[in-house]
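Counting starts at 1 for both ligands and their atoms, following the listed order.
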Amino acid sequence: MDLFTKELLINFLFILLALCLLQILYMATYAYRSKELKGWIIALFPIVSLALCMVFPLISNEDNIWDLRYVPFILGGLYGGYKLGLIQIGMALLIRYLLGGLGFYSAAVVIIITGIALCILSKYYLKMNLKQKLLLSVTLLVIGITISQTLEAVSFSVHLTGWFLLEYYIINILGLIISTILWEGIHTYSVLLQDLIKSEKLKMVSHLAASISHEVRNPLTVSRGFIQLLFEETSSEKRREFASFALQELDRATDIINDYLTFAKPAIEKNEKININEEIQLAINVICPLSTMNGVEIEQEISDPEQNQFMTIGERKKFQQCLINIMKNGIESMDSKGGKLQIQLSGFQDTVNITISDQGVGMSQEQINRLGQPYFTTKEKGTGLGMMVSYSIVKGMNGIIHVSSELGKGTCFKLTLPAFQQQMDL
Ligand code: ADP
Ligand code: MG
């Protein structure tokens, strides 16, 4: 059983080394607040371990090489998507060719078959949970090794048999399981770090917004008082008219500050029962003029509205603002070409789901990741605050927002909120 020990450890070290470097890189991006890691940088790690594993194999003879190449190959292909998958196939074939021996042909068959399978399956792999991921990758590994061993057994006199073969399978499977778990751990850790940056920024902006709203509200109130006085004192029609315009505009400014900036405070302060059906209707009424102007049709779909009045807990005005922000973005995303804004409301066990989907420009994955970050906007006159506010309101209500989007097709915002049970008293 000790045939491979030294080489095995070295092979495994190559894989661990790559994972370790990846972890360091994630840490560095966090420490220096640089942008999220680009796909191709992450892609370097499996390629490097793949190359090292093949160059320093477990055992080899003049024709065949046995190593842990399938571990980084499968991991890289499944996590990295089809582009990395194709690069890996090219790299693996090149290295195997340079290493020489007749075994190249059987290795090439396996590399191409598993490589293509990886490219196809990677799309589904990323959506799986850990158990399913392990199951899929181990299955691919076993299939890959079995094909390569069968081809070798048919074509060469020297091939792995008995204990050696079993040991080779076990080592590969264990290596793959350990590496997948480590990779998932590193990835979760990096997502947590990104969330931390997001919430730090959010906290700063909330403080800033709260203080600005406070500072600006006072002078506005004072000015309003004086203009009100002028309005009452003067008898000139013209001046009264001007003063009344000024009062209206000041009220509007105060409203904006009250309704908008204060939303940046993450905590929901007032807890009241909210009838979601009613709030959606109110939000639609508010947004209606904008949708008509943009040629957008609003379509409502509420499951059994007679029976289902969905309730939740939070602050009504803030919740309405959140709905308006999301609907407004949906309408704006359709630009002037028009389309349909679909609003669905349904309940599931003790949660309420609101989906707001548009047929607009859509977003890339990077844009989706940045949603909710302060000042992120792609619009010329955008503030990049609407989404941040909406996210913080929903978070304050113990809900979550899930976004799915396809460039050029549209975006779907799904808000999941805890349902308030009617029979319970607040
Ligand atoms: P603003 O609307 O002022 O730009 P938001 O915080 O409301 O700020 O939105 C931030 C960005 O998110 C927008 O600029 C846009 O790029 C993107 N976005 C939000 N909702 C959608 C949507 N429904 N479709 C496409 N892009 C969207
Ligand atoms: Mg907006």
Hey, which atoms in ligand 1 end up nearer than 4.0 Å to a heavy atom of [X]?
| X | result |
| --- | --- |
| Ser333 | 22 (C), 24 (N), 25 (C) |
| Lys379 | 1 (P), 2 (O), 4 (O), 13 (C), 14 (O) |
| Phe413 | 20 (N), 23 (N) |
| Thr378 | 13 (C), 14 (O), 15 (C), 16 (O) |
| Met387 | 5 (P), 6 (O), 7 (O), 9 (O) |
| Leu371 | 12 (O), 19 (C) |
| Gly330 | 23 (N) |

If you define the side chain from C-beta out and look only at heavy atoms, does anything of [X] sit under 4.5 Å from [Y]?
| X | Y | value |
| --- | --- | --- |
| Phe12 | Leu68 | yes |
| Pro72 | Phe14 | no |
| Phe376 | Gln367 | yes |
| Leu16 | Leu182 | yes |
| Leu93 | Ile112 | yes |

Exercise. Please confirm whether Gly386 comes within less than 3.5 Å of ligand 1 when only nitrogen or oxygen atoms on both sides are compared.
Key: yes
Quiz prompt | Enclosure of Tyr82 OH (heavy-atom neighbours >12, cutoff 6.0 Å) | solution = no
Quiz prompt | Under 3.5 Å side-chain donor-acceptor pair for Tyr79 and Glu184 | solution = yes
Quiz item: Would you say the side chains of Asn277 and Gln281 form a donor-acceptor pair under 3.5 Å?
Solution: no
Quiz item: Which of the listed options, Val389, Ile356, Thr377, holds the heavy atom that is closest to atom 4 (O) of ligand 1?
Solution: Thr377
Quiz item: Out of Ile331, Asn329, Leu407, whose heavy atom is nearest to atom 7 (O) of ligand 1?
Solution: Asn329
Exercise. Would you please determine whether Gly360 falls within less than 4.0 Å of ligand 1 on a heavy-atom basis?
Key: no
Exercise. Check if Gln367 has a non-hydrogen atom at a distance under 4.0 Å from any atom of ligand 1.
Key: no
Quiz item: Any N/O/S of Asn329 under 2.8 Å from the Mg ion (ligand 2)?
Solution: yes
Exercise. Answer side chain, backbone, both or neither: which part of Asp358 comes under 4.0 Å from ligand 1, heavy atoms only.
Key: side chain
Quiz item: Quick one: do Arg316 and Glu272 make a salt bridge, cutoff under 4.0 Å?
Solution: no
